[in-house]
Amino acid sequence: MDTKNVLFAVILSTIVLIFWSTFFEPPIIDQQINENKISKNENSSSPSIDNKEIKNEIVRADSINKTNRIKIENKNIKGSISLRGAIIDDIIFKNYKESLNSEDDVIFLNPKNSKNEYFVSTGWAAGGNNKIKLPLESTIWEVKGNNVLTPNNPVTLEWNNNEGLIFTKKIDLDEKFLFKITQAIKNNSNKSFQFYPYAQITRNEKPVGRQIYILHEGFLGVFGEELKEKDYDDIEKEKFSISSSKGWLGITDKYWLTAIVPEKGKDFKAEFTYKDSKYRASYIIREATILNPSSYVTNEINTFVAAKEVRVIDEYAQQLGIEKFDLAIDWGWFYFFTKPLFFIIDYFFKLTGNFGLAIVIITALIRLIFFPLANYSFKSMAKMKILQPEMVRLKELHKSDKVKLQQEMMALYKREKVNPVSGCLPVLIQIPFFFAIYKMLYVTLEMRHQPFFGWIKDLSDRDPTSIFNLFGLIPWDPPTFLLIGAWPILMGISMFVQQKLNPTPPDPIQAKIFMFFPIFLTIILAPFPSGLVVYWTVNNILTITQQWIIMRGTKVKTV
(Lines give C-alpha, C1' and ligand atoms only; values in the text may rest on other atoms or scores of the structure.)
Protein backbone atom coordinates (compact mmCIF):
# COMPACT_ATOMS: atom_id res chain seq x y z
CA MET A 1 0.00 0.00 0.00
CA ASP A 2 1.38 3.47 -0.97
CA THR A 3 1.39 5.78 2.06
CA LYS A 4 1.33 8.91 -0.08
CA ASN A 5 -1.77 7.77 -1.93
CA VAL A 6 -3.59 7.14 1.35
CA LEU A 7 -2.60 10.55 2.72
CA PHE A 8 -3.55 12.10 -0.60
CA ALA A 9 -7.02 10.54 -0.38
CA VAL A 10 -7.48 11.75 3.20
CA ILE A 11 -6.48 15.30 2.28
CA LEU A 12 -8.74 15.38 -0.77
CA SER A 13 -11.66 14.13 1.35
CA THR A 14 -11.00 16.92 3.85
CA ILE A 15 -10.95 19.48 1.03
CA VAL A 16 -14.31 18.26 -0.26
CA LEU A 17 -15.89 18.50 3.22
CA ILE A 18 -14.53 22.00 3.87
CA PHE A 19 -15.48 23.19 0.38
CA TRP A 20 -19.03 21.89 0.84
CA SER A 21 -19.40 23.45 4.27
CA THR A 22 -18.07 26.80 3.11
CA PHE A 23 -19.87 27.31 -0.17
CA PHE A 24 -23.15 25.42 0.11
CA GLU A 25 -25.84 27.86 1.14
CA PRO A 26 -29.56 27.19 0.91
CA PRO A 27 -31.86 29.83 -0.62
CA ILE A 28 -33.78 32.30 1.52
CA ILE A 29 -37.46 31.55 1.91
CA ASP A 30 -40.03 34.22 1.10
CA GLN A 31 -42.12 35.29 4.07
CA GLN A 32 -45.87 35.20 4.55
CA ILE A 33 -47.87 35.69 7.71
CA ASN A 34 -50.51 33.36 9.13
CA GLU A 35 -52.77 32.82 12.12
CA ASN A 36 -53.34 29.46 13.80
CA LYS A 37 -56.53 27.84 14.90
CA ILE A 38 -57.54 24.45 16.29
CA SER A 39 -59.53 22.09 14.16
CA LYS A 40 -60.18 18.37 13.82
CA ASN A 41 -57.54 16.22 12.20
CA GLU A 42 -58.24 13.59 9.57
CA ASN A 43 -57.06 11.16 12.23
CA SER A 44 -60.20 10.52 14.26
CA SER A 45 -58.23 9.42 17.33
CA SER A 46 -57.26 12.98 18.29
CA PRO A 47 -57.51 16.50 16.88
CA SER A 48 -54.47 18.41 15.69
CA ILE A 49 -53.39 21.89 14.64
CA ASP A 50 -54.27 23.49 11.31
CA ASN A 51 -53.40 26.87 9.78
CA LYS A 52 -55.24 29.85 8.39
CA GLU A 53 -53.48 32.48 6.29
CA ILE A 54 -53.46 36.17 7.17
CA LYS A 55 -52.22 38.87 4.77
CA ASN A 56 -51.06 41.69 7.03
CA GLU A 57 -47.67 42.23 8.64
CA ILE A 58 -46.85 44.48 11.60
CA VAL A 59 -43.59 46.02 12.80
CA ARG A 60 -42.36 44.31 15.98
CA ALA A 61 -42.58 47.41 18.20
CA ASP A 62 -46.07 48.26 16.93
CA SER A 63 -47.28 44.74 17.60
CA ILE A 64 -45.96 44.87 21.16
CA ASN A 65 -47.46 48.30 21.81
CA LYS A 66 -50.87 47.47 20.35
CA THR A 67 -51.54 44.43 22.53
CA ASN A 68 -52.03 44.22 26.28
CA ARG A 69 -49.14 42.33 27.81
CA ILE A 70 -47.62 40.84 30.95
CA LYS A 71 -44.02 41.87 31.47
CA ILE A 72 -41.50 39.14 32.21
CA GLU A 73 -37.95 39.37 33.52
CA ASN A 74 -35.29 37.36 35.34
CA LYS A 75 -31.48 37.35 35.33
CA ASN A 76 -31.26 36.04 31.77
CA ILE A 77 -34.30 37.16 29.80
CA LYS A 78 -36.78 39.99 29.53
CA GLY A 79 -39.84 40.60 27.41
CA SER A 80 -43.57 40.02 27.62
CA ILE A 81 -46.46 37.63 27.09
CA SER A 82 -49.30 38.74 24.86
CA LEU A 83 -52.78 38.58 26.41
CA ARG A 84 -54.06 38.07 22.88
CA GLY A 85 -53.75 34.32 22.67
CA ALA A 86 -51.70 34.04 25.88
CA ILE A 87 -48.63 33.34 23.74
CA ILE A 88 -44.93 33.74 24.61
CA ASP A 89 -43.84 35.97 21.74
CA ASP A 90 -41.45 38.62 23.05
CA ILE A 91 -38.15 37.32 24.44
CA ILE A 92 -34.81 39.14 24.62
CA PHE A 93 -31.59 37.61 25.97
CA LYS A 94 -30.13 40.13 28.43
CA ASN A 95 -26.62 38.68 28.57
CA TYR A 96 -25.93 38.42 24.83
CA LYS A 97 -25.48 41.20 22.27
CA GLU A 98 -26.57 41.11 18.64
CA SER A 99 -22.98 41.71 17.52
CA LEU A 100 -19.60 42.43 19.07
CA ASN A 101 -19.85 46.21 18.72
CA SER A 102 -23.58 46.45 19.36
CA GLU A 103 -25.28 47.59 22.54
CA ASP A 104 -28.50 45.85 21.53
CA ASP A 105 -29.42 42.60 23.29
CA VAL A 106 -30.26 39.54 21.19
CA ILE A 107 -33.94 39.59 20.22
CA PHE A 108 -35.14 36.00 19.96
CA LEU A 109 -38.95 35.63 19.91
CA ASN A 110 -41.13 38.04 17.95
CA PRO A 111 -44.89 38.77 18.08
CA LYS A 112 -47.43 37.08 15.88
CA ASN A 113 -48.00 38.82 12.54
CA SER A 114 -44.73 40.73 12.82
CA LYS A 115 -41.73 40.31 10.55
CA ASN A 116 -39.72 37.32 11.79
CA GLU A 117 -42.61 36.15 13.94
CA TYR A 118 -41.54 33.40 16.30
CA PHE A 119 -43.66 32.37 19.28
CA VAL A 120 -44.86 29.55 21.53
CA SER A 121 -48.54 28.83 22.04
CA THR A 122 -50.43 26.27 24.14
CA GLY A 123 -54.04 25.22 24.43
CA TRP A 124 -56.70 22.57 24.12
CA ALA A 125 -58.29 20.85 21.14
CA ALA A 126 -61.79 19.45 21.51
CA GLY A 127 -62.95 15.93 20.71
CA GLY A 128 -66.33 14.29 20.50
CA ASN A 129 -69.43 15.70 18.85
CA ASN A 130 -69.91 18.73 21.09
CA LYS A 131 -69.32 22.09 19.49
CA ILE A 132 -67.18 23.94 21.98
CA LYS A 133 -66.07 27.54 21.97
CA LEU A 134 -62.30 27.29 22.56
CA PRO A 135 -59.66 29.96 23.20
CA LEU A 136 -57.69 30.65 20.02
CA GLU A 137 -54.64 32.79 19.31
CA SER A 138 -56.95 35.80 18.82
CA THR A 139 -58.64 35.31 22.22
CA ILE A 140 -58.13 38.07 24.82
CA TRP A 141 -57.22 36.63 28.21
CA GLU A 142 -57.73 38.31 31.58
CA VAL A 143 -55.01 38.63 34.23
CA LYS A 144 -55.92 37.38 37.69
CA GLY A 145 -53.77 38.93 40.42
CA ASN A 146 -50.07 39.53 39.75
CA ASN A 147 -49.42 41.17 36.36
CA VAL A 148 -45.61 40.88 36.18
CA LEU A 149 -43.97 37.49 35.70
CA THR A 150 -40.73 37.00 37.64
CA PRO A 151 -39.14 34.05 39.46
CA ASN A 152 -41.27 33.08 42.49
CA ASN A 153 -44.07 35.35 41.20
CA PRO A 154 -46.20 33.38 38.72
CA VAL A 155 -49.08 34.89 36.77
CA THR A 156 -52.52 33.44 36.16
CA LEU A 157 -54.61 34.10 33.05
CA GLU A 158 -58.29 33.29 32.66
CA TRP A 159 -60.85 33.15 29.86
CA ASN A 160 -64.54 32.30 30.19
CA ASN A 161 -66.29 30.96 27.10
CA ASN A 162 -69.67 31.90 28.63
CA GLU A 163 -70.89 28.39 27.94
CA GLY A 164 -69.96 26.88 31.28
CA LEU A 165 -66.21 26.42 30.72
CA ILE A 166 -63.48 28.51 32.36
CA PHE A 167 -59.96 28.19 30.98
CA THR A 168 -56.91 29.19 33.03
CA LYS A 169 -53.16 29.26 32.52
CA LYS A 170 -50.71 29.56 35.37
CA ILE A 171 -47.24 30.50 34.12
CA ASP A 172 -44.10 30.09 36.24
CA LEU A 173 -40.64 31.35 35.30
CA ASP A 174 -37.34 30.23 36.82
CA GLU A 175 -34.08 32.23 37.01
CA LYS A 176 -32.87 30.96 33.65
CA PHE A 177 -34.90 29.92 30.61
CA LEU A 178 -37.78 27.69 31.75
CA PHE A 179 -41.49 28.55 31.57
CA LYS A 180 -43.76 26.06 33.29
CA ILE A 181 -47.30 26.40 31.96
CA THR A 182 -50.11 24.73 33.91
CA GLN A 183 -53.32 24.99 31.94
CA ALA A 184 -56.68 23.98 33.38
CA ILE A 185 -60.37 23.86 32.46
CA LYS A 186 -63.20 24.10 34.96
CA ASN A 187 -66.59 22.72 33.88
CA ASN A 188 -69.58 24.56 35.35
CA SER A 189 -72.00 23.07 32.83
CA ASN A 190 -74.03 19.87 33.00
CA LYS A 191 -72.24 18.28 30.01
CA SER A 192 -69.16 16.13 29.67
CA PHE A 193 -66.38 16.99 27.23
CA GLN A 194 -63.24 15.54 25.70
CA PHE A 195 -60.09 17.65 25.44
CA TYR A 196 -56.59 17.13 24.06
CA PRO A 197 -53.82 19.44 25.34
CA TYR A 198 -51.28 20.67 22.82
CA ALA A 199 -48.29 23.01 22.45
CA GLN A 200 -46.83 24.56 19.33
CA ILE A 201 -43.81 26.58 18.21
CA THR A 202 -44.42 28.77 15.14
CA ARG A 203 -41.79 30.50 13.03
CA ASN A 204 -42.04 32.19 9.65
CA GLU A 205 -38.36 32.53 8.69
CA LYS A 206 -35.18 30.50 8.64
CA PRO A 207 -32.18 31.97 10.46
CA VAL A 208 -30.26 34.37 8.25
CA GLY A 209 -26.76 33.24 7.34
CA ARG A 210 -24.78 30.35 5.96
CA GLN A 211 -25.64 26.88 7.22
CA ILE A 212 -22.89 24.27 7.11
CA TYR A 213 -22.84 20.53 7.32
CA ILE A 214 -21.22 20.25 10.78
CA LEU A 215 -24.07 22.08 12.51
CA HIS A 216 -27.78 21.26 12.55
CA GLU A 217 -30.22 24.16 12.54
CA GLY A 218 -33.93 23.49 12.27
CA PHE A 219 -36.31 20.97 13.81
CA LEU A 220 -35.18 18.45 16.39
CA GLY A 221 -36.57 16.24 19.12
CA VAL A 222 -35.98 13.14 21.16
CA PHE A 223 -38.76 10.56 20.94
CA GLY A 224 -38.28 7.59 23.20
CA GLU A 225 -34.52 7.18 23.04
CA GLU A 226 -34.01 8.39 19.48
CA LEU A 227 -32.87 11.85 18.37
CA LYS A 228 -34.56 13.15 15.23
CA GLU A 229 -33.14 16.12 13.31
CA LYS A 230 -34.89 17.65 10.30
CA ASP A 231 -33.64 20.56 8.22
CA TYR A 232 -36.00 23.29 7.13
CA ASP A 233 -35.67 22.08 3.54
CA ASP A 234 -36.69 18.56 4.58
CA ILE A 235 -39.92 19.78 6.16
CA GLU A 236 -40.70 22.05 3.20
CA LYS A 237 -40.79 18.90 1.08
CA GLU A 238 -42.58 16.57 3.49
CA LYS A 239 -43.99 16.89 6.99
CA PHE A 240 -42.62 14.72 9.76
CA SER A 241 -44.90 12.93 12.22
CA ILE A 242 -44.14 10.55 15.07
CA SER A 243 -45.83 9.17 18.19
CA SER A 244 -44.07 8.58 21.49
CA SER A 245 -44.67 8.27 25.22
CA LYS A 246 -41.69 10.37 26.30
CA GLY A 247 -39.40 12.99 24.87
CA TRP A 248 -39.34 16.61 23.73
CA LEU A 249 -39.23 18.65 20.54
CA GLY A 250 -38.35 22.09 19.30
CA ILE A 251 -36.52 24.35 16.86
CA THR A 252 -32.83 25.09 17.24
CA ASP A 253 -30.48 27.75 15.94
CA LYS A 254 -26.71 27.65 16.33
CA TYR A 255 -26.83 29.31 19.76
CA TRP A 256 -30.56 29.55 20.68
CA LEU A 257 -33.37 27.07 21.29
CA THR A 258 -37.11 26.82 21.69
CA ALA A 259 -38.37 23.50 23.07
CA ILE A 260 -41.60 22.09 24.45
CA VAL A 261 -41.84 19.06 26.72
CA PRO A 262 -45.11 17.10 27.04
CA GLU A 263 -46.36 16.03 30.43
CA LYS A 264 -44.67 12.82 31.55
CA GLY A 265 -46.49 9.52 31.22
CA LYS A 266 -48.79 10.60 28.39
CA ASP A 267 -48.61 9.40 24.81
CA PHE A 268 -48.34 12.23 22.29
CA LYS A 269 -48.17 12.80 18.58
CA ALA A 270 -45.48 15.23 17.39
CA GLU A 271 -45.32 16.95 14.01
CA PHE A 272 -42.87 19.14 12.13
CA THR A 273 -44.72 20.96 9.36
CA TYR A 274 -44.38 23.74 6.80
CA LYS A 275 -47.51 25.38 5.44
CA ASP A 276 -48.36 28.88 4.21
CA SER A 277 -44.69 29.89 4.67
CA LYS A 278 -44.70 28.95 8.35
CA TYR A 279 -42.61 26.34 10.13
CA ARG A 280 -44.26 24.60 13.09
CA ALA A 281 -43.11 22.13 15.70
CA SER A 282 -46.09 20.85 17.68
CA TYR A 283 -47.41 18.00 19.75
CA ILE A 284 -50.84 16.94 20.93
CA ILE A 285 -51.67 14.41 23.65
CA ARG A 286 -53.23 11.37 22.01
CA GLU A 287 -55.51 10.21 24.81
CA ALA A 288 -58.61 12.29 25.47
CA THR A 289 -58.94 14.04 28.83
CA ILE A 290 -62.53 13.59 30.03
CA LEU A 291 -64.04 16.62 31.73
CA ASN A 292 -67.23 15.83 33.63
CA PRO A 293 -69.74 18.34 35.05
CA SER A 294 -68.62 20.27 38.15
CA SER A 295 -65.00 19.13 37.80
CA TYR A 296 -61.75 20.37 36.30
CA VAL A 297 -58.73 19.02 34.40
CA THR A 298 -55.13 20.21 34.23
CA ASN A 299 -52.10 19.72 32.02
CA GLU A 300 -48.49 20.83 32.49
CA ILE A 301 -46.07 21.92 29.75
CA ASN A 302 -42.40 22.78 30.22
CA THR A 303 -41.32 25.37 27.68
CA PHE A 304 -37.72 26.43 27.08
CA VAL A 305 -36.72 29.66 25.40
CA ALA A 306 -33.01 29.34 25.91
CA ALA A 307 -29.50 30.37 25.11
CA LYS A 308 -27.75 27.02 24.68
CA GLU A 309 -25.35 27.30 27.60
CA VAL A 310 -23.91 23.83 28.10
CA ARG A 311 -24.12 23.61 31.89
CA VAL A 312 -27.63 25.09 31.98
CA ILE A 313 -28.96 22.63 29.40
CA ASP A 314 -27.34 19.74 31.29
CA GLU A 315 -28.88 20.90 34.58
CA TYR A 316 -32.35 20.97 33.05
CA ALA A 317 -31.87 17.48 31.61
CA GLN A 318 -30.86 16.12 35.00
CA GLN A 319 -33.21 18.01 37.31
CA LEU A 320 -36.35 17.58 35.19
CA GLY A 321 -35.48 14.11 33.90
CA ILE A 322 -35.82 15.12 30.25
CA GLU A 323 -34.54 12.36 27.97
CA LYS A 324 -31.30 13.36 26.20
CA PHE A 325 -32.06 17.05 26.49
CA ASP A 326 -28.32 17.75 26.30
CA LEU A 327 -28.54 16.80 22.60
CA ALA A 328 -30.18 20.17 22.03
CA ILE A 329 -26.53 21.16 21.56
CA ASP A 330 -25.27 19.52 18.39
CA TRP A 331 -22.29 17.57 19.74
CA GLY A 332 -22.20 15.42 16.60
CA TRP A 333 -21.11 11.86 15.90
CA PHE A 334 -18.13 12.05 18.23
CA TYR A 335 -20.30 12.98 21.23
CA PHE A 336 -18.15 11.06 23.70
CA PHE A 337 -15.08 13.03 22.58
CA THR A 338 -16.65 16.38 21.84
CA LYS A 339 -18.56 17.03 25.05
CA PRO A 340 -15.73 16.14 27.47
CA LEU A 341 -13.43 18.38 25.42
CA PHE A 342 -15.77 21.27 26.12
CA PHE A 343 -15.58 20.83 29.89
CA ILE A 344 -11.78 20.69 29.67
CA ILE A 345 -11.52 23.87 27.60
CA ASP A 346 -14.12 25.58 29.78
CA TYR A 347 -11.98 24.75 32.84
CA PHE A 348 -8.92 26.36 31.25
CA PHE A 349 -11.04 29.34 30.17
CA LYS A 350 -12.10 29.93 33.76
CA LEU A 351 -8.49 29.38 34.90
CA THR A 352 -6.86 31.79 32.44
CA GLY A 353 -9.72 34.19 31.72
CA ASN A 354 -8.95 33.99 27.99
CA PHE A 355 -10.67 31.55 25.64
CA GLY A 356 -7.83 31.80 23.13
CA LEU A 357 -5.32 30.70 25.74
CA ALA A 358 -7.66 27.84 26.64
CA ILE A 359 -7.59 26.76 22.97
CA VAL A 360 -3.79 26.84 22.97
CA ILE A 361 -3.60 24.78 26.17
CA ILE A 362 -6.07 22.10 25.03
CA THR A 363 -4.28 21.88 21.66
CA ALA A 364 -1.01 21.27 23.49
CA LEU A 365 -2.65 18.64 25.71
CA ILE A 366 -4.01 16.76 22.71
CA ARG A 367 -0.58 16.84 21.08
CA LEU A 368 0.86 15.51 24.35
CA ILE A 369 -1.66 12.65 24.46
CA PHE A 370 -0.75 11.67 20.91
CA PHE A 371 2.97 12.30 21.38
CA PRO A 372 4.04 8.59 21.28
CA LEU A 373 1.76 7.87 18.34
CA ALA A 374 2.99 10.93 16.45
CA ASN A 375 6.59 9.99 17.20
CA TYR A 376 6.01 6.60 15.62
CA SER A 377 4.41 8.25 12.59
CA PHE A 378 7.12 10.87 12.14
CA LYS A 379 9.92 8.30 12.50
CA SER A 380 8.31 6.28 9.74
CA MET A 381 8.02 9.39 7.57
CA ALA A 382 11.66 10.25 8.30
CA LYS A 383 12.77 6.80 7.14
CA MET A 384 10.61 7.16 4.05
CA LYS A 385 12.29 10.48 3.30
CA ILE A 386 15.72 8.86 3.60
CA LEU A 387 14.61 6.25 1.07
CA GLN A 388 13.17 8.85 -1.29
CA PRO A 389 16.18 9.00 -3.67
CA GLU A 390 16.30 5.21 -3.95
CA MET A 391 12.54 5.07 -4.61
CA VAL A 392 12.91 7.62 -7.41
CA ARG A 393 15.79 5.61 -8.89
CA LEU A 394 13.72 2.41 -8.85
CA LYS A 395 10.81 4.18 -10.48
CA GLU A 396 13.00 5.41 -13.32
CA LEU A 397 14.69 2.01 -13.69
CA HIS A 398 11.42 0.05 -13.88
CA LYS A 399 9.04 2.67 -15.29
CA SER A 400 7.92 0.30 -18.05
CA ASP A 401 7.41 -2.68 -15.74
CA LYS A 402 4.93 -1.92 -12.95
CA VAL A 403 5.04 -5.44 -11.52
CA LYS A 404 8.84 -5.38 -11.23
CA LEU A 405 8.68 -1.91 -9.68
CA GLN A 406 6.29 -3.12 -6.96
CA GLN A 407 8.50 -6.12 -6.24
CA GLU A 408 11.60 -3.94 -5.90
CA MET A 409 9.77 -1.43 -3.71
CA MET A 410 8.53 -4.18 -1.37
CA ALA A 411 12.04 -5.62 -1.22
CA LEU A 412 13.37 -2.15 -0.32
CA TYR A 413 10.81 -1.74 2.48
CA LYS A 414 11.66 -5.19 3.83
CA ARG A 415 15.41 -4.64 3.63
CA GLU A 416 15.26 -1.25 5.39
CA LYS A 417 12.54 -2.43 7.85
CA VAL A 418 10.10 0.29 6.80
CA ASN A 419 6.33 -0.08 6.77
CA PRO A 420 4.83 2.64 4.52
CA VAL A 421 1.43 2.30 6.19
CA SER A 422 2.85 2.96 9.66
CA GLY A 423 3.21 6.65 8.90
CA CYS A 424 -0.41 6.89 7.80
CA LEU A 425 -2.37 4.99 10.43
CA PRO A 426 -1.48 7.26 13.38
CA VAL A 427 -2.72 10.22 11.34
CA LEU A 428 -6.01 8.45 10.61
CA ILE A 429 -6.49 7.59 14.30
CA GLN A 430 -6.18 11.28 15.23
CA ILE A 431 -8.80 12.47 12.71
CA PRO A 432 -11.83 11.85 15.02
CA PHE A 433 -10.18 13.95 17.72
CA PHE A 434 -9.46 16.71 15.25
CA PHE A 435 -13.07 16.88 14.11
CA ALA A 436 -14.29 16.62 17.71
CA ILE A 437 -12.41 19.73 18.81
CA TYR A 438 -13.34 21.46 15.56
CA LYS A 439 -17.00 20.70 16.24
CA MET A 440 -16.81 21.69 19.91
CA LEU A 441 -15.30 25.09 19.16
CA TYR A 442 -17.83 25.77 16.42
CA VAL A 443 -21.12 24.84 18.10
CA THR A 444 -20.71 25.98 21.70
CA LEU A 445 -22.04 29.36 22.75
CA GLU A 446 -19.27 29.95 25.27
CA MET A 447 -16.74 31.06 22.59
CA ARG A 448 -19.12 33.68 21.16
CA HIS A 449 -17.70 37.22 21.44
CA GLN A 450 -14.67 36.02 23.41
CA PRO A 451 -11.44 37.94 22.60
CA PHE A 452 -7.92 36.65 22.10
CA PHE A 453 -4.82 38.86 22.00
CA GLY A 454 -4.15 41.65 19.52
CA TRP A 455 -6.64 42.18 16.74
CA ILE A 456 -8.84 39.15 17.51
CA LYS A 457 -11.82 40.58 19.41
CA ASP A 458 -14.21 37.68 18.74
CA LEU A 459 -12.96 34.11 18.43
CA SER A 460 -16.32 33.02 17.00
CA ASP A 461 -15.92 35.40 14.03
CA ARG A 462 -13.43 35.46 11.18
CA ASP A 463 -10.05 37.21 11.43
CA PRO A 464 -10.98 40.84 10.59
CA THR A 465 -7.62 41.76 9.02
CA SER A 466 -6.63 41.39 5.38
CA ILE A 467 -3.36 41.02 3.53
CA PHE A 468 -4.82 43.15 0.72
CA ASN A 469 -4.69 46.31 2.84
CA LEU A 470 -1.47 45.22 4.58
CA PHE A 471 -3.44 44.29 7.71
CA GLY A 472 -4.86 47.79 8.18
CA LEU A 473 -1.82 49.89 7.20
CA ILE A 474 -3.56 50.99 3.99
CA PRO A 475 -6.84 52.91 4.63
CA TRP A 476 -9.03 50.68 2.48
CA ASP A 477 -11.73 48.17 3.38
CA PRO A 478 -11.42 45.18 1.04
CA PRO A 479 -14.54 43.31 -0.05
CA THR A 480 -15.46 40.25 2.01
CA PHE A 481 -13.93 37.72 -0.38
CA LEU A 482 -10.54 39.45 0.00
CA LEU A 483 -10.54 39.29 3.81
CA ILE A 484 -7.67 36.87 4.24
CA GLY A 485 -6.39 37.65 7.70
CA ALA A 486 -3.11 37.29 9.54
CA TRP A 487 -4.06 34.09 11.40
CA PRO A 488 -5.18 32.23 8.24
CA ILE A 489 -1.89 33.26 6.61
CA LEU A 490 0.07 32.02 9.63
CA MET A 491 -1.86 28.76 9.34
CA GLY A 492 -1.00 28.51 5.64
CA ILE A 493 2.69 29.15 6.30
CA SER A 494 2.75 26.53 9.03
CA MET A 495 1.13 24.02 6.66
CA PHE A 496 3.73 24.82 4.01
CA VAL A 497 6.60 24.26 6.46
CA GLN A 498 5.00 21.03 7.69
CA GLN A 499 4.64 19.87 4.11
CA LYS A 500 8.36 20.44 3.47
CA LEU A 501 9.20 18.09 6.35
CA ASN A 502 7.21 15.25 4.76
CA PRO A 503 8.41 13.00 1.91
CA THR A 504 7.80 14.57 -1.49
CA PRO A 505 5.31 12.58 -3.61
CA PRO A 506 7.14 10.96 -6.55
CA ASP A 507 4.15 11.63 -8.79
CA PRO A 508 4.62 15.14 -10.31
CA ILE A 509 0.85 15.79 -10.37
CA GLN A 510 0.48 14.92 -6.69
CA ALA A 511 3.52 17.07 -5.89
CA LYS A 512 1.95 20.11 -7.58
CA ILE A 513 -1.37 19.59 -5.81
CA PHE A 514 0.43 19.30 -2.47
CA MET A 515 2.35 22.49 -3.24
CA PHE A 516 -0.83 24.50 -3.76
CA PHE A 517 -2.73 22.85 -0.93
CA PRO A 518 -1.64 25.33 1.83
CA ILE A 519 -2.67 28.29 -0.35
CA PHE A 520 -5.99 26.70 -1.18
CA LEU A 521 -6.73 25.87 2.44
CA THR A 522 -5.74 29.37 3.57
CA ILE A 523 -8.37 30.88 1.26
CA ILE A 524 -11.00 28.31 2.26
CA LEU A 525 -10.48 28.73 6.02
CA ALA A 526 -10.24 32.55 6.00
CA PRO A 527 -14.02 32.98 6.68
CA PHE A 528 -14.01 30.38 9.49
CA PRO A 529 -14.15 31.41 13.17
CA SER A 530 -10.72 32.64 14.19
CA GLY A 531 -10.76 30.29 17.22
CA LEU A 532 -10.67 27.33 14.83
CA VAL A 533 -7.85 28.88 12.81
CA VAL A 534 -5.88 29.55 16.02
CA TYR A 535 -6.34 25.89 17.01
CA TRP A 536 -5.21 24.63 13.60
CA THR A 537 -2.19 26.98 13.50
CA VAL A 538 -1.00 26.09 17.01
CA ASN A 539 -1.49 22.39 16.23
CA ASN A 540 0.62 22.78 13.07
CA ILE A 541 3.41 24.58 14.95
CA LEU A 542 3.54 21.89 17.64
CA THR A 543 3.54 19.20 14.96
CA ILE A 544 6.38 20.90 13.08
CA THR A 545 8.44 21.16 16.25
CA GLN A 546 7.99 17.49 17.10
CA GLN A 547 8.62 16.37 13.53
CA TRP A 548 11.75 18.53 13.17
CA ILE A 549 13.27 17.12 16.37
CA ILE A 550 12.65 13.55 15.20
CA MET A 551 14.11 14.20 11.75
CA ARG A 552 17.22 15.73 13.27
CA GLY A 553 17.62 12.57 15.33
CA THR A 554 17.33 10.38 12.21
CA LYS A 555 19.79 12.52 10.18
CA VAL A 556 17.18 13.55 7.60
CA LYS A 557 17.65 16.82 5.72
CA THR A 558 14.89 19.24 6.81
CA VAL A 559 15.39 21.81 4.08
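One is the number of the first residue; the rest follow in order along the sequence. Basis for what follows: all heavy atoms, side chains included, without hydrogens, waters or symmetry-related copies. As the structure is a computational prediction, the values presented were derived from the model and not from experiment.
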Item to complete: Kindly write out the residues that satisfy salt bridge (charged side-chain N to carboxylate O under 4.0 Å, His left out) with D90, not counting sequence neighbours, or none if the list is empty.
Response: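 Expected list: R60.
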Discussion item. Test of understanding: with salt bridge (charged side-chain N to carboxylate O under 4.0 Å, His left out), list the residues that count as partners of K97, not counting sequence neighbours.
Written reply: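 Per chain and number, K97 pairs via salt bridge (charged side-chain N to carboxylate O under 4.0 Å, His left out) with D105.
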Please table the atom pairs, donor to acceptor, closer than 3.5 Å between any side-chain atom in residues 519-528 and protein atoms at least two apart or in another chain.
| unit_1 | atom_1 | unit_2 | atom_2 | d |
| --- | --- | --- | --- | --- |
| T522 | OG1 | P518 | O | 2.7 |

Would you please name every residue forming a ring-ring contact (aromatic ring centres under 6.0 Å, His included) with [X], sequence neighbours left out?
X	value
Y255	none
F223	none
F337	F433
F219	Y232, F272

Worksheet entry | Counterpart residues, side-chain hydrogen bond (donor to acceptor under 3.5 Å, both in side chains), relative to E309 (two or more places apart) |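 Expected list: Y96.
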Worksheet item: Looking at residues at least two apart in the chain, or sitting in another chain, which of them share a side-chain hydrogen bond (donor to acceptor under 3.5 Å, both in side chains) with K266?
Response: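 Checked K266 against side-chain hydrogen bond (donor to acceptor under 3.5 Å, both in side chains); matches are E263.
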Discussion item. Per the side chain to side chain donor-acceptor pair (under 3.5 Å) rule, what does the pair list look like for residues 488-497, sequence neighbours excluded?
Written reply: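 Side chain to side chain donor-acceptor pair (under 3.5 Å) check on residues 488-497 returns S494-N540.
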Fill in: Sequence neighbours excluded - salt bridge (Lys or Arg N to Asp or Glu O under 4.0 Å) pairs with any residue from residues 517-540
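Residue pairs passing salt bridge (Lys or Arg N to Asp or Glu O under 4.0 Å), neighbours aside: none found.
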Fill in: All pairs passing salt bridge (Lys or Arg N to Asp or Glu O under 4.0 Å) where residues 325-351 contributes a residue, at least two apart
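The answer is R311-D346, D314-K339, D326-K339, D330-K439, D346-K350.
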Discussion item. Determine whether the aromatic ring centres of residues F177 and F304 are separated by less than 6.0 angstrom.
Written reply: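 Not under 6.0 Å, so no.
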